[in-house]
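Side chains are part of it too, since the values below use all heavy atoms of this structure and drop only hydrogens, waters and symmetry mates. Here is the naming used below: chain letters follow the sequence lines, and residue numbers restart at 1 for every chain.
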Number of protein chains: 2
Amino acid sequence: MAPRVSEDYKNRKRLELLRAAKQVFMKKGYTRTTMQDIMDEAGVSRGALYAYFDNIEHVYRELLRHEDEQELHFFDPDDTSTAWQQLTSWIQKQKKEIEAIERSLLLANSEFFLSIHSQPENESRRYLTDRYQRMAEAIVDFVQTGTARMELQPRLPAESIALYLISFIDGLMLDTFQLGPEKTRVSAQIDVLLFSLKEMLCPVEETASPS
Amino acid sequence: MAPRVSEDYKNRKRLELLRAAKQVFMKKGYTRTTMQDIMDEAGVSRGALYAYFDNIEHVYRELLRHEDEQELHFFDPDDTSTAWQQLTSWIQKQKKEIEAIERSLLLANSEFFLSIHSQPENESRRYLTDRYQRMAEAIVDFVQTGTARMELQPRLPAESIALYLISFIDGLMLDTFQLGPEKTRVSAQIDVLLFSLKEMLCPVEETASPS
DNA sequence: TTGAAAAACGACATTAGTGTCGTTTATAAT
DNA sequence: ATTATAAACGACACTAATGTCGTTTTTCAA
């Protein structure tokens, strides 16, 4: 169907394979997904898939990279809303994703993270370390911007708060896999998180009418 | 070495197998551990191991049960220290365990939890659900006891706080696997947690000298 | 002692996946 | 049309684990 093809063709094919992989990973998680599953979902042969990716770890890494590109800009400075509004809207987004956990990559992500742990210095390992630190830094920057704008008055180091926020979200995720969003009371927990962040960041109250 | 043996013998053997299993699980986590690994560590044959456990999932479930028996009594009422002291000492214990993550079962636990997710209604699944709820309940009871004793004045529902606490600890754990306790700044994050709990629970200050 | 019971052994059949590679097939340039 | 190229195919050899089961060994009771 395609010898001596353009870069563009290969790019599209690659994306199509990643799309198929995503489907499978969402359904089966990382550990139980096989190359065969992805071939079946994409409707291609063994040879075709292996022409694009060396092994499953590679597939997942590339998928993660691709997905991250979307996510990345959430904490970009934004002048139309306050720092606090921006933060809560990010948290709402996370909440939504956790509540629809079956239709997200969160399970696969966690499995992938754990599977990497034992490996020596490694492409995937490096990427994940980086990813974590990028995320943390984004939140730190964002807290500092908010502080500079006098919208926030942090009572703890921004970095600690950032890592804390990430930990909590990751943990809520992990627990929700096993038990479902009802048993873990996602909503109630998010309320607690917001309460604690308010205490830490002391956002200035937004009054409905600036009189 | 032991036909027609006493219940006691079988019990000891079983414990010895679990001890060996624990060693392996600490080192390799859950997913990568095989029955073979456990046989080697315990120095027994395939047949012997399978006489006690049906499969790895079964081994791990029994190990977890056994380990839990120890842990369980941490939140029992205690008249020699205040509720807040008790809580912080539990958190310290968690912190220690996370910092020595390589010598604990935490990684294996997380992997096990995730591996269970996909399974249908299941012995392991039921046990984990139960375990989570037992833990939550223990913390709730404990907060309520503290409240009754006038040592705590919770500003949020005890159950929400309990689940929140569990989520955070689980998340910190998960992140620390990938990155090690330095990169996740375990200490700093625990500080944030304590800060937030103080705000939620409003423990009465302990004065050094009740004058 | 001795022999029945069952604990422990370990070879084996089975299952499930991986990554390779010789072959087939579609495409685009000539 | 023809043909060089390389994409796609899929059989295959290999690896690694699982759970079973006939055999061997050990212990305890008679």
Between [N] ([atom2]) and [X] ([atom1]): distance, integer Å:
X	N	atom1	atom2	answer
B/Met39	C/dA7	CE	C1'	15 Å
A/Tyr50	C/dC21	OH	P	13 Å
A/Asp54	C/dT20	CG	P	8 Å
A/His58	C/dG19	NE2	C1'	15 Å
A/Arg46	D/dA7	CZ	P	19 Å
B/Leu49	C/dA7	CG	P	15 Å
A/Gln36	C/dG19	CD	C1'	13 Å
A/Met35	C/dT20	CE	C1'	13 Å

Query raised in the report: How far does CD of A/Gln85 sit from OG1 of A/Thr80, to the nearest 0.5 angstrom?
Result: 8.0 Å

Counting only side-chain nitrogens and oxygens, does [X] get under 4.0 Å of the OP1 or OP2 atom of [N]?
X	N	answer
A/Ser45	D/dA8	no
B/Lys10	C/dA6	no
A/Tyr9	C/dA26	no

**Report entry** Residues forming a ring-ring contact (aromatic ring centres under 6.0 Å, His included) with A/Phe142, sequence neighbours excluded
**Finding:** A/Phe75

Query raised in the report: Side chain of B/Glu111, backbone of B/Tyr30: donor and acceptor closer than 3.5 Å?
Result: yes

Requested in this report: Would you indicate what A/Phe53 reaches in the nucleic acid, counting non-hydrogen atoms under 4.0 angstrom: base, sugar-phosphate, or nothing?
Outcome: nothing

Query raised in the report: Would B/Arg103 and B/Glu97 count as a salt bridge (Lys or Arg N to Asp or Glu O under 4.0 Å) if you check the C-alpha gap in whole Å, the side-chain angles of each, and the deciding distance to 0.1 Å?
Result: CA-CA 8 Å; B/Arg103 268 145 285 139; B/Glu97 224 175 318; over 6 Å; no

Report summary line: 5'-most contact on DNA chain C (nearest-nucleotide basis), A/Arg32 vs A/Gly47, goes to A/Arg32

